[in-house]
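Notes to accompany the following structure.
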Amino acid sequence: MAAKGKRADPYHVWLSEVMLQQTTVQAVKPYFLKFLAAWPSVTDLAAAPVEDVMAAWAGLGYYARARNLKKCAEAVANEHGGVFPDTEEGLKQLPGIGDYTAAAVAAIAFNRQAAVMDGNVERVISRLFAIDAPLPGSKPAMKAKVAALTPSDRPGDFAQAMMDLGATICTPKRPACALCPFNGHCLALAHDEPERFPVKAAKKAKPVRLGAAFVAVNASGEILLRRRVESGLLGGMTEVPTTAWTARMDGGTEASHAPFAAGWQAAGVITHVFTHFELRLTVYRAQVPDGLKPGPDDEWWEPVTNLDAQALPTVMKKVIAQAIPSAYRPENRN
DNA sequence: AAATCGTGGTA
DNA sequence: TTACCAAGATT
């Protein structure tokens, strides 16, 4: 972070804010450093192969962010001369930059008086004013409160201070109200019920989906991989062949969806929880001879020693580790 | 405009 | 263990 009231590098601010969307600082740190080392400027990122960017993002989640990150870098490099727009409105036109990120970059990197509101700020504001209307419907009213509080002097520092307050003092459970600089003006505290806010709409139950995954290893120690379609869940990421992920496991479905006939052996079940469903995959493995042709739909054979360089999401690392326990041991990596 | 989209940490 | 949720965006 830059010194008090100073503008930080817009590329650094943008990259960190995108990574921090729905993601903890702890999880982001190593990825942020890795990206800056690989691509020191936005033009470097714009010039990078998208596969490299997806592989570098693997494990961080919400992979549409990585696809939009690349598109945004290309837009800045090709349509803005390699310079980020310096207004909230200009930034919001770019891929992957919404209300929050546009305001955050405008305030922190360009000293603009933009109202920055993330989940932390929503919690602080909802408590300060004891807002009973549930999120997300109450968002516009809350943002108006933030805008009214945001100063013209050092708006970026104000934004970061509000987020820090929400992250460390005005926490979801057991907030440290005694330490809060607003404890003389907080309506929720005055009513002795800070934890009642923010009020949120009820969330729905998480269904279970079932499927099977197939790990084929040939005599040369290569594993059969394929690339998922660009859109939707894990879009553009790498996977091993699987059946469809459906509510029911239909008998006979599994063998018919194997990439080819082989001595498939069940190797156990892995469970992975996504945002809106839980996935249980039965893992099958087979030792096959060399020379099998990869299927038509973006399949290839990859040395098991090179899995770290692949764009494998966490669920697929679980599958491979289940089938090949040694795959992710250090001595088997390049 | 409700649904979709990952993962890991915490209580 | 379950539930929540973390510096949200897109369709």
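Heavy-atom basis, side chains included; hydrogens, waters and symmetry copies ignored. Order of the sequence lines fixes the chain letters, A, B, ..., with proteins taken first and strands second; residue numbering starts at 1 for each chain.
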Tabulate protein N/O versus nucleotide N/O from nucleotides 2-4 of chain B, keeping only pairs under 3.5 Å, one per line.
from: B:dA3; atom 1: OP1; to: A:K204; atom 2: NZ; distance (Å): 3.2

DNA chain C-proximal residues of residues 54-72 of chain A, any heavy atom under 4.0 Å: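 Under 4.0 Å from DNA chain C: A:N68.
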
Using a strict heavy-atom distance below 4.0 Å, which residues from residues 90-100 of chain A are in contact with DNA chain C?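 Contacting residues: A:P95, A:G96, A:I97, A:G98, A:D99, A:Y100.
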
Report the hydrophobic cluster partners of [X], with the cluster defined as I, L, V, M, F, W, Y residues connected by side-chain heavy atoms closer than 4.5 angstrom, directly or transitively.
| X | result |
| --- | --- |
| A:F182 | A:Y100, A:V116, A:M117, A:V121, A:V124, A:I125, A:L128, A:F129, A:I131, A:L135, A:M142, A:V146, A:L149, A:F158, A:M162, A:M163, A:L165, A:I169, A:L179 |
| A:V269 | none |
| A:V83 | none |

Whole angstrom is fine here: how far is it from [atom1] in [X] over to [atom2] in [N]?
| X | N | atom1 | atom2 | result |
| --- | --- | --- | --- | --- |
| A:M316 | B:dG6 | CE | C1' | 13 Å |
| A:L15 | C:dA7 | CG | C1' | 13 Å |
| A:F274 | B:dG6 | CZ | P | 7 Å |
| A:Q21 | C:dA7 | CD | P | 12 Å |
| A:L135 | B:dA1 | CG | P | 16 Å |
| A:M19 | C:dA7 | CE | C1' | 13 Å |
| A:L20 | B:dG8 | CG | C1' | 14 Å |
| A:E278 | C:dA3 | CD | P | 11 Å |

Going by side-chain hydrogen bond (donor to acceptor under 3.5 Å, both in side chains), name the residues that satisfy it together with A:E51, two or more places apart in sequence or in a different chain.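 Once residues adjacent in sequence are excluded, A:E51 has no partner under the side-chain hydrogen bond (donor to acceptor under 3.5 Å, both in side chains) criterion.
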
Taking only residues two or more places apart in sequence or in another chain, which ones pass side-chain hydrogen bond (donor to acceptor under 3.5 Å, both in side chains) with A:Y284?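 side-chain hydrogen bond (donor to acceptor under 3.5 Å, both in side chains) check on A:Y284 returns A:E254.
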
In residues 171-183 of chain A, what residues come within less than 4.0 Å of DNA chain B, judged by heavy atoms?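 The answer is none.
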
Could you tell me whether the phosphate oxygens of [N], OP1 or OP2, come under 4.0 Å of any side-chain nitrogen or oxygen in [X]?
| X | N | value |
| --- | --- | --- |
| A:H272 | B:dG6 | no |
| A:T101 | C:dA9 | yes |
| A:T24 | C:dA7 | no |
| A:Q22 | C:dG8 | yes |
| A:K203 | C:dC5 | yes |

Which is true for A:V18 with a 4.0 Å heavy-atom rule: it touches a base, it touches only sugar-phosphate, or it touches nothing? nothing

Report which part of the nucleic acid A:A159 touches: base, sugar-phosphate, or nothing (heavy-atom distance under 4.0 Å, all strands).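 Counting heavy atoms under 4.0 Å across all strands, no contact is made by A:A159.
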
Is the shortest side-chain heavy-atom distance between A:I320 and A:Y328 below 4.5 Å?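 Yes; the side chains approach each other to less than 4.5 Å.
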
Regarding A:E278 and A:K206, does a basic nitrogen lie under 4.0 Å from an acidic carboxylate oxygen? no

Quickly, which of A:V217, A:L292, A:I223 forms a side-chain contact (heavy atoms from CB on, under 4.5 Å) with A:W301? Name it, please.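 Single pass found, and it is A:L292.
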
Can you tell me which nucleotide in C:dG8, C:dA7, B:dT7 comes closest to the side chain of A:E17? C:dA7

Which word best sums up how the rings of A:F274 and A:H272 line up, parallel for under 30°, tilted for 30 to 60°, or perpendicular for over 60°? perpendicular

ring-ring contact (aromatic ring centres under 6.0 Å, His included) against A:F260, all qualifying residues, sequence neighbours excluded: A:W264

So the side-chain hydrogen bond (donor to acceptor under 3.5 Å, both in side chains) pairs with at least one residue in residues 22-41 of chain A (sequence neighbours excluded) are A:T23-A:R65, A:S41-A:T43, A:S41-A:D44

Residues pairing under side-chain hydrogen bond (donor to acceptor under 3.5 Å, both in side chains) where one sits in residues 78-90 of chain A, two or more places apart or in two chains, turn out to be A:D86-A:R112

Restricting to non-hydrogen atoms, name the atom on A:N218 and the atom on A:Q287 that form the minimum distance, rounded to 0.1 Å. O-NE2, 3.2 Å

What's the gap between C:dA7 and B:dC5 when it is taken at their P atoms, as a whole Å value? 23 Å

Say we look at B:dA1 and C:dT10: how far apart would their C1' atoms be, to the nearest angstrom? 12 Å

Any donor and acceptor pair, going by atom type alone, linking the side chain of A:R123 with main-chain N or O of A:C170 inside 3.5 Å?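 Present.
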
Using atom types as modelled and distance alone, determine if a side-chain donor or acceptor of A:R127 lies under 3.5 Å from a backbone N or O of A:A188. no

If you find the nucleotide of DNA chain C closest to A:K206 and the one closest to A:M117, which residue's nucleotide is nearer the 5' end?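 Here A:K206 is the residue nearer the 5' end.
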
I'd like to know if A:T23 reaches the base of C:dG8 with its side chain such that a donor and an acceptor end up less than 3.5 angstrom apart. no

